[in-house]
Amino acid sequence: MAKSYIVGNWKMNQNRHELNEFFGELEKEALEGGNFWIAPQFIHIQSCIEKTNKVPLKIGAQNCSNNDSGAFTGEVSPKSLKDLETSFVILGHSERRSIFAESDELINSKVQKVLEHKLTPILCIGETLEQREANQTMDVVLGQLSSGLKGIELDSEDSIIVAYEPVWAIGTGKTASPEQAEEVHSHIRQKLKELYPELGEQISILYGGSVKPSNIKDLLEKPNINGGLVGGASLKAQDFIALCKATI
Ligand code: 13P
């Protein structure tokens with residue numbers, strides 16, 4: 001069985017005061033026994049990592065460069081993230097694809113780079129509403145998956161995580177139904193098994209798009225939904241705790 005995860009993507013939210021409060025609330029909870037990850041803004045990664053001596057969380061980044069160092073003003077190096085003891089990097093999020101025009105090729109080179117540094121990439125894929133309505137969902141999603149993983153060899157099933165995030169469900173309150181999500185996840189699983197015959201069955205596939213405490217259980221009941229990549233609900237400590245507890 002693939003492992004379950006709850007990954008909070010804080011996006012460009014949560015200031016120092018808010019994150020202190022968040023971690024303060026988490027410290028009061030017994031959250032052992034699961035895989036609970038948070039990706040804050042880059043500038044808060046170090047302080048969040050320092051707080052993980054009291055809460056069993058792993059801390060990651062929401063993006064990084066495909067280069068280790070050099071004249072790339074404003075970029076963040078995966079090598080520096082590793083140096084800080086960051087655990088994972090979210091790559092190819094739909095906001096990076098649409099707002100910052102990241103291509104499949106660029107995302108693929110970031111996946112390669114992140115793996116070189118033994119960080120775990122969370123490769124995000126997903127279709128827009130327009131693409132879904134034009135019956136292009138599987139082509140788009142499997143195309144992004146194949147391109148993102150082109151030439152990528154994996155040491156183990158834990159080396160990478162895939163997140164299916166239908167763009168129309170992100171931040172809209174409109175979750176894909178568990179059946180809609182599972183349909184896509186099962187195709188992703190099939191493709192992963194083709195690409196990695198030994199590992200494909202065990203690679204975790206997360207669902208993202210308006211995940212909240214009220215819908216996580218139904219999503220997790222589906223065989224190929226191995227957890228959530230959560231935006232809005234991961235900002236509130238009590239919601240995040242409830243989501244984590246649903247996976248234990
Ligand atoms: P919401 O949970 O706010 O819909 O965001 C999902 C997301 O984009 C996580 O990466």
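Atoms within a ligand are numbered from 1 in the order they appear, just like the ligands themselves. Scope of the values below: all heavy atoms of this structure, side chains included, with no hydrogens, waters or symmetry mates.
Listed by number with element, the atoms of ligand 1 under 4.0 angstrom from any heavy atom of A169 are 4 (O). Remark: ligand 1 atoms within the under-4.0 Å shell around heavy atoms of G171 are 1 (P), 3 (O), 4 (O). Each of the following atoms of ligand 1 lies closer than 4.0 Å to a heavy atom of S210: 1 (P), 2 (O), 4 (O). Every atom of ligand 1 is numbered from 1 in the order shown, and the set under 4.0 Å from a heavy atom of G232 is 1 (P), 2 (O), 3 (O).
Considering backbone and side-chain atoms alike, E95 places every N or O at 3.5 Å or more from each N or O of ligand 1. By the 3.5 Å distance cut-off applied to N or O atoms, G209 is not counted among the residues near ligand 1. Of the polar atoms of E165, at least one N or O is found under 3.5 Å from an N or O of ligand 1, judged by distance alone. Considering backbone and side-chain atoms alike, G231 places an N or O below 3.5 Å from some N or O of ligand 1.
Residue contacts with ligand 1: K212 is excluded, as none of its non-hydrogen atoms falls under 4.0 Å. Not a single heavy atom of G228 sits closer than 4.0 Å to an atom of ligand 1.
Heavy atoms of I170 found under 4.0 angstrom from ligand 1 belong to the backbone as well as the side chain. Contact annotation for A233 and ligand 1: no heavy atom of the residue comes within less than 4.0 Å of the ligand.
Here the side chain of N108 pairs a donor or acceptor atom with the backbone of K150 at under 3.5 angstrom.
The one candidate from I49, I38, N35 that meets the side-chain contact (heavy atoms from CB on, under 4.5 Å) condition with L57 is I38.
Using a 4.0 Å cut-off between charged side-chain N and carboxylate O, D155 and K118 make a salt bridge. For K113 and D68, the salt-bridge test passes: some basic side-chain N is under 4.0 Å from an acidic carboxylate O.
Aromatic ring orientation, F240 versus F22: tilted (interplanar angle from 30° to 60°).
Under the 4.5 Å side-chain criterion, counting only non-hydrogen atoms from C-beta, R97 is not in contact with V167. Residues S77 and N67 are not in side-chain contact: their nearest non-hydrogen atoms beyond the backbone lie 4.5 Å or more apart. Contact check for I225 versus Y164: no side-chain heavy atoms found under the 4.5 Å cut-off.
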